[in-house]
Amino acid sequence: MLEVANLHSGYGKIEILKGLKIRVPEGKIVSLIGSNGAGKTTLLMTISGIVPAWKGSIKFSGKAIETMPADQIVRQGVVQVPEGRRIFSRLTVEENLDLGAYTRPRDPEIKRDKEEMFALFPILYARTKSLAGNLSGGEQQMLAMARALMARPKLLLLDEPSLGLAPKMIETIFQLIRKVNQKGITILLVEQNAWKALGIADYGYVIESGKNQIEGTGQELLSNPQIKHSYLGES
Amino acid sequence: MTPLDVFLQQIVNGLTIGMIYALIALGYTIVYGIAQLINFAHGEIFMVGAYFGLLAYTLIQLLPVGSVGFLFILPLIFLFVMTLTALLGVIVERFAYRPLREAPRLAPLITAIGVSFLLQNAVMILFGPADKRFPSLIEIHKLSFHHVTITNLQIMITGFSLILMLVLHTFIKYTRMGKAMRALADDREAACLMGINVNQIISIAFLIGSALAGAGGIMFGMYYNTINFHDGYLAGLKAFSAAVLGGIGNIPGAMVGGVLLGILEGMGAGYISSEWKNVFAFFILILILLFRPHGLLGSRVVKKV
């Protein structure tokens, strides 16, 4: 579904991604792990068209998207939940959801989708009219996910969804990721929390300094001694 | 006249001109909120609006309509002028600011000054450097309460400005585009990730701001009956002060700031000296920047991570 090949990109003159190659098959969860500064967020931002690709290709359902403007990429069905949630804090919860459906003007099913989001994330229902900035970190993460789902993505890009959350909330978020995937939405997950990320993944990639290091199924990577040492904190 | 009458009279006069300041201030604040850009050519759009109004009036006089028809023609003049200034604003953004979107913030500021000079000089060449007489467009009636005089024009200016503000408020609060504008003001990158076309929304911000400035321009002409190509400079700076007073980027703030500035200016003119009138706006600007730089209604931006 998503094919990234020989991707180079970065900020200003600084090259962050140096020939990255990633494949995300339809219906799967693919996790991407790597240390700080490995280029995980840059990859997602390049896929979303926020950071321009310098070289290489990004194909989504066979279509080249590496030169498409960001708003067109969303319209193709590639939607991102960015790192740090980035919800619209001065807008209400409901307005955030409405903006998630921005690419579907006058779609009569928006209302139904909103109800589905409230069923999936019941915490949001009680806070429909609250300013999003007043939600707790975990609630904001749920809102960010719900907002992205309102766009009816085919591929959901998740950047560090567990960042800064309490262990119990992390558990909830990962259950929700699995639930979303079961609805048929393909997921590319970027995480610092390698245990969790690989535990949930059908396939995983380890990247370092903008290059591929190791790849394999979630289970393979979890039992790989090198990964155990570097990312899972075991010696 | 009792002291109370004098006071009320200054309130009435200040409120009228304050409404016009508020309309212009809205343009500064909307554009700043969305594009983080101070459009210093905005005062000139207002001035051009007044000249477009004069042009529309002159054209209509060539048509065979009596003065009776003016109540019907007035809305047409507003529509004509607001459409043209909206278009002008969009063109200015497209060619003067958009190419500089990723440039350091000083660059578009300097360009804005360039656009200002361009518009001023274009109007000076087309209409001449001398003051132009601007008709009241409606027959002026005076209403007196004790010794306080209110004209029907003052009521019209206040009423129509309030209607425009209400329409703007409804648009920003309830429509899809309005929500997109607020989202963009909140977090531009996140707005992009939701499929919002940033260029399109910035164009709409310029369109709305310039249409409001155009309406302000006509009302300014009707109220003072004389316009000049450098009127936009002073009115623009005052409206900018009003926007800062209310909190730049804050829409209700621009409305409150404009009205407040108009009233304070009226008070200053009435009680101290009308020759010092223009000083008050800038004195207030300095005070606000010193003691409350985020404005009356603006809040310090706290980013949650």
Side-chain angles (χ1 to χ4, degrees), chain A residues 12 41 44-45 47-52 68-92 94-107 110 131-137 140 144 147-148 150-153 157 159-160 163-164, chain B residues 29-30 32-34 36 94 98-99 101-104 169-205 246-254 294-295 297-305:
Chain A
T41 297
L44 294 196
M45 285 301 183
I47 295 173
S48 284
I50 302 286
V51 174
M68 239 182 227
D71 61 299
Q72 286 303 319
I73 292 172
V74 175
R75 286 175 172 81
Q76 303 298 315
V78 181
V79 183
Q80 185 183 156
V81 181
E83 183 180 1
R85 324 188 223 295
R86 311 279 289 264
I87 41 123
F88 302 117
S89 54
R90 283 175 286 173
L91 275 68
T92 66
E94 187 167 18
E95 287 169 340
N96 269 273
L97 294 179
D98 289 338
L99 283 159
Y102 185 78
T103 51
R104 308 161 50 193
R106 288 178 295 277
D107 184 339
I110 289 176
L131 288 186
N134 293 340
L135 301 185
S136 74
Q140 290 192 1
R147 181 181 66 174
M150 287 299 290
R152 289 211 176 164
L157 311 174
D159 196 349
E160 304 273 5
L163 192 74
Chain B
T29 237
I30 294 171
Y32 180 81
I34 286 164
Q36 269 78 54
R94 178 67 189 80
R98 191 176 297 182
R101 184 103 359 118
E102 305 304 327
H169 173 80
T170 312
F171 177 83
I172 298 276
K173 186 133 177 68
Y174 298 107
T175 66
R176 176 171 167 266
M177 285 288 165
K179 285 176 200 163
M181 289 173 87
R182 282 186 287 145
L184 202 58
D186 206 278
D187 186 333
R188 184 189 288 196
E189 214 167 83
C192 276
L193 290 174
M194 293 300 108
I196 293 168
N197 180 336
V198 174
N199 283 334
Q200 183 195 13
I201 301 296
I202 291 179
S203 282
I204 290 172
I248 188 99
N250 183 307
I251 289 176
H294 49 288
L297 302 187
S299 52
R300 280 195 202 88
V301 181
V302 185
K303 282 255 174 202
K304 252 192 196 172
V305 183

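Scope of the values below: all heavy atoms of this structure, side chains included, with no hydrogens, waters or symmetry mates. Proteins come first, then strands; the chains are lettered A, B, ... in the order of their sequence lines, and each starts at number 1.
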Side chain to side chain contact (heavy atoms under 4.5 Å, CB included) between B:Met194 and A:Phe88, worked out: CA-CA 11 Å; B:Met194 293 300 108; A:Phe88 302 117; 4.1 Å; yes
What are the two closest heavy atoms between [X] and [Y], and how far apart are they?
X: B:Lys179; Y: A:Asp98; answer: NZ-OD2, 2.9 Å
X: A:Ile50; Y: B:Cys192; answer: CD1-CB, 3.5 Å
X: A:Tyr102; Y: B:Ala180; answer: CE1-CB, 3.5 Å

Residues forming a side chain to side chain contact (heavy atoms under 4.5 Å, CB included) with B:Pro99, sequence neighbours excluded: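 B:Pro99: no side chain to side chain contact (heavy atoms under 4.5 Å, CB included) contacts found.
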Side-chain donor or acceptor of A:Arg86 paired with backbone N/O of B:Leu193 under 3.5 Å: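 It does not hold such a pair.
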Gap between atom CG of B:Asp186 and atom CD1 of A:Ile87 - 0.5 Å precision: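 Separation between the atoms: 8.0 Å.
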Residue among A:Gln72, A:Arg75, A:Glu95 with most heavy-atom pairs under 4.5 Å to chain B: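 Max contact count across the listed options: A:Glu95.
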Per-residue contact mode, B:Glu102 against chain A (heavy atom under 4.5 angstrom):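 No part of it gets close to chain A.
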Side chain, backbone, both or neither of A:Met45 within contact of chain B (heavy atoms, under 4.5 Å):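 Side chain of A:Met45 only, per the 4.5 Å heavy-atom cut-off to chain B.
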A:Pro105 and B:Arg176, any side-chain heavy atoms less than 4.5 Å apart: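 Counting from C-beta outward, B:Arg176 and A:Pro105 do come under 4.5 Å.
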